[in-house]
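Okay, so here's the structure we're looking at.
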Amino acid sequence: MTAKFKELDAVVTLADQMRAEEGPIVLINVFTVDPADEDALLKAWSYDADFMKDQPGYISTQMHKGIAGSSTFVNYAIWKDVESFRNAFTQPEFQRRIADYPASAVAAPHLFKKMAVGGHCVA
């Protein structure tokens with residue numbers, strides 16, 4: 001079994017983003033999964049999170065689940081910079097762990113940076 005990947009942005013791919021040199025960054029990963037596979041998704045994600053939290057540049061992570069019976073999940077992870085995320089994501093050990101996700105899982109990861117919007121938020 002393994003998760004399928006889908007791009008969140010039709011123009012800029014995760015691979016494009018991983019070539020950037022910016023930081024700090026936030027990984028936002030939207031997961032969809034068959035409701036019967038929710039426990040397997042969370043087990044696989046937790047296993048990945050255990051690996052990532054020991055990587056240089058990792059700051060924190062949080063998982064969210066859609067309400068009212070939704071089987072859509074959103075994970076965000078804060079990283080010091082793209083280089084730290086790239087180094088962790090491309091490690092063979094992490095790539096092997098992707099096989100632990102249920103076959104119904106679809107992941108849509110994308111990297112973001114915090115923005116300042118006058119009167120609302122600061123960068």
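Sequence positions, counted from 1, serve as the residue numbers for this chain.
Formation of a donor-acceptor pair under 3.5 Å by the T72 side chain with backbone atoms of G66 is not found in this model.
Within 6.0 Å of CG on D50 lie more than 12 heavy atoms contributed by other residues, nucleotides or ligands. No more than 12 heavy atoms of other residues, nucleotides or ligands sit less than 6.0 Å from atom NZ of K43.
The distance from atom OH of Y58 to atom CE of M52, rounded to the nearest 0.5 Å, is 9.5 Å. In this structure, CD in E7 is found 6.0 Å from CG in L14, a value given to the nearest 0.5 Å. The CZ atom of R97 lies 4.5 Å from the CD atom of E93; values are rounded to the nearest 0.5 Å. Rounding to the nearest 0.5 Å places CZ of F89 at 5.0 Å from CD of Q95. The distance from atom CE of M18 to atom CD1 of I25, rounded to the nearest 0.5 Å, is 9.0 Å.
If you chain together hydrophobic residues whose side chains sit under 4.5 Å apart, V30 and L42 never meet in one group. V82 and F5 fall within the same hydrophobic cluster, where Ile, Leu, Val, Met, Phe, Trp and Tyr residues are linked whenever their side-chain heavy atoms come under 4.5 Å apart, directly or through other members. I98 and L111 fall within the same hydrophobic cluster, where Ile, Leu, Val, Met, Phe, Trp and Tyr residues are linked whenever their side-chain heavy atoms come under 4.5 Å apart, directly or through other members. With hydrophobic clusters built from ILVMFWY side chains whose heavy atoms lie under 4.5 angstrom apart, I78 shares a cluster with I28. Cluster annotation: V74 and F112 are assigned to the same hydrophobic cluster (Ile/Leu/Val/Met/Phe/Trp/Tyr, side-chain heavy-atom contacts under 4.5 Å, transitive).
No side-chain donor from either of S84 and N87 sits under 3.5 Å from a side-chain acceptor of the other.
For the pair Y76/H64, a side-chain contact is recorded, criterion being any heavy-atom separation below 4.5 Å from C-beta on. In this structure the side chain of F94 reaches within 4.5 angstrom of the side chain of D48, judged on heavy atoms.
Residue pairs meeting the side-chain hydrogen bond (donor to acceptor under 3.5 Å, both in side chains) criterion with at least one member in residues 104-123, sequence neighbours excluded: Q17-H110, D37-S104. Residue pairs meeting the side-chain hydrogen bond (donor to acceptor under 3.5 Å, both in side chains) criterion with at least one partner in residues 22-34, sequence neighbours excluded, do not occur; the list is empty.
Under 4.0 Å is where a charged nitrogen must lie from a carboxylate oxygen, and between R19 and E83 no such pair does.
Taking the six-membered ring where the residue is Trp, Y101 and F31 present parallel rings, their angle staying beneath 30° rather than reaching 60°. The aromatic rings of F85 and W79 lie perpendicular to each other, with more than 60° between the two planes, well past the 30° mark.
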